[in-house]
Amino acid sequence: MNMSRRQRLQLVRGGIYALTIAALALLIISVDWGALGGALFKWDVVKKQFPDILTSALRNTIIFTIFGFIGGLSLGLLLAIMRLSKSKPYRWFAATYIEILRGVPLLVTLLILGFGIPIATGWSWPNPYLQGAVPLALVAGAYIAETVRAGIEAVPRGQMEAARSLGMSYTRAMVTVIIPQAFRIIVPPLTNEFVLLIKDTSLISVLGVTERTLDLARFGRNGVNDSANATPLVVAGLVYLALTIPLTQLAAWMERRSKVGRR
Amino acid sequence: MSEPLVELRQLHKSFGDNHVLRGIDLSVAKGEVLCIIGPSGSGKSTLLRCVNLLEQPTGGQVFVAGVELTHRDCDIDKARRATGMVFQQFNLFSHLSVRDNVTISLRKVLKMKSTEANARADVLLNRVGLADKASAYPAQLSGGQQQRVAIARALAMEPSVMLFDEATSALDPELVGDVLGVMRELAEEGMTMLVVTHEMGFARNVADRVIFMDGGVIVEEGKPSQVINEPREERTKKFLANVLEN
Ligand SMILES: Nc1ncnc2c1ncn2[C@@H]1O[C@H](COP(=O)(O)OP(=O)(O)O)[C@@H](O)[C@H]1O
Ligand SMILES: [Mg+2]
């Protein structure tokens, strides 16, 4: 048979489409949709989640995220500046900190700081929010430090030289000239860090939270236990998506816009 | 004779094994315009950058307005206010408007009030012909306009010396004239200037003195008419033949 390369490709592609459609059809016929829907998205269970999932669980997730982000951003900025400093001990400290906190799973860090240290020292966290949010911020700081450092390094060298030639000190030049420009560059990646942080708050509940500090994930899990039905977790997942999708879209849009704007 | 405004004594600068400046002695009087010419890589930029200590010399002394910048007790941030620098790549602060580029050092370094700083910026922008661009951002300006803003920004600190490092080399040919015009006016007003340039016309007409550098030393110096029109050294002749050909 004489077929051009293009015709052969079309045939193969057509075959793949046909197989996919057949597999989907089989799936649709074989699954008991009524039972599945009843287990994953049962309407009266859905209704029972509200309003607490918003007024309490979502609120707590947002509190953990924002505290983690503000703490992480401040720490990340400090670490990035230390990493770029002329002083070797500062550079060494920042590099070690970043390596360790990025190298250990967040879950392990949470357990060590949230449980391990209080048990070992007899000291206890003054507030259940801090118990979860502080370890989160310490880890976020390590990730954000690398993002900030990349941003600072992306600012052209001549900017620092021009600032110094005007009589600004290194610190003054950093604060008024370099960091503001670095932040413009890193807003999209920082938005993505924020999204990661939203999802990471779901691990905080391993620390055994009180009723008051239940986050979205734990709220969903408790709901599953109460109703013997997976619907609460599905609803929690949808609430996460309602937070994360707009933010990742925003980050992608900002990234596209900054690419167009750059000459 | 009065004390020179800029004085370099046995200035040396190495980058690792690369011995870039090999013992420069140079004084520039108040009000003098000095043009520095020479082939690429001869150390012209490094020399200029040693005058405001953007590069730390590896040997020798730098004096500006009676202060030794190379002294270890020197407050370099303060001493740098005596010099203004204009770069080949403009280096305007891209996140700030034209006016804020000019006022930022006044506000942040001299702690001047905004109204006062803005008034000074308006005078300077008017002087470089860009009064109408005060609210624009650097990216909205042509290269020639950006460089004139950079000159205004450097002048804002009222320096006693201006350093120009190939200020017109990155510009489209039709924009060079505006920038050179501003520089010439500055010279006529009595500003002390050290100008690294390939613009022989400017050197011939505006400079009081020209130095030719090659291999990290001053090979020849003198009046522009002498150095440019009747060079004595072979290396100078060869360089000028190359430059004037293009
Ligand atoms: N920051 C630096 N680090 C290392 N080498 C440098 C640096 N700046 C300049 N040089 C070297 O110094 C020499 C002189 O450079 P430069 O002063 O820029 O020359 P010019 O301005 O006359 O073209 C060149 O060999 C260059 O590679
Ligand atoms: Mg140069």
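Just so it is clear: chains get the letters A, B, ... in the order the sequence lines come, proteins before strands, and each one is counted from 1. Values below: all heavy atoms of this structure, side chains included; hydrogens, waters and symmetry mates excluded.
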K.L.:
Give me the atom names and distance for the closest heavy-atom approach of A/I186 to A/G151.
P.N.:
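The pair with the smallest heavy-atom distance is CG2-CA, 3.5 Å.
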K.L.:
Using non-hydrogen atoms only, which part of B/F87 is less than 4.5 Å away from chain A: side chain, backbone, both, or neither?
P.N.:
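Just its side chain gets close to chain A.
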K.L.:
If you count heavy-atom pairs under 4.5 Å between each of B/S105, B/A150, B/A82 and chain A, which one has the most?
P.N.:
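Counting heavy-atom pairs under 4.5 Å, the top option is B/S105.
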K.L.:
May I ask you to decide if the ring planes of A/Y129 and A/F64 are parallel, tilted or perpendicular, using 30° and 60° as cut-offs?
P.N.:
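Tilted: the ring planes of A/Y129 and A/F64 meet at 30° to 60°.
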K.L.:
Assess whether a salt bridge exists between B/D165 and B/K44, defined as any Lys/Arg side-chain N lying under 4.0 Å from an Asp/Glu carboxylate O.
P.N.:
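The answer is no: the pair does not qualify as a salt bridge.
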K.L.:
Does any backbone or side-chain atom of B/L53 lie under 4.5 Å from a heavy atom of chain A? Answer side chain, backbone, both or neither.
P.N.:
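Neither part.
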K.L.:
Decide, yes or no, whether a salt bridge links B/E185 with B/R127 under the criterion of side-chain N to carboxylate O below 4.0 Å.
P.N.:
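No, no charged N to carboxylate O under 4.0 Å.
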K.L.:
Using 4.0 Å as the upper bound for N to carboxylate O, is an ion pair formed by A/E146 and A/R83?
P.N.:
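Yes, A/R83 and A/E146 are salt-bridged.
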K.L.:
Could you look at B/R153 and say if it's the side chain, the backbone, both or neither that has a heavy atom under 4.5 Å from chain A?
P.N.:
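For B/R153, heavy atoms of backbone and side chain both lie under 4.5 Å from chain A.
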K.L.:
Can you tell me which portion of A/R172 sits under 4.5 Å from chain B's heavy atoms? Options are side chain, backbone, both or neither.
P.N.:
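Answer is side chain: those atoms of A/R172 sit under 4.5 Å from chain B.
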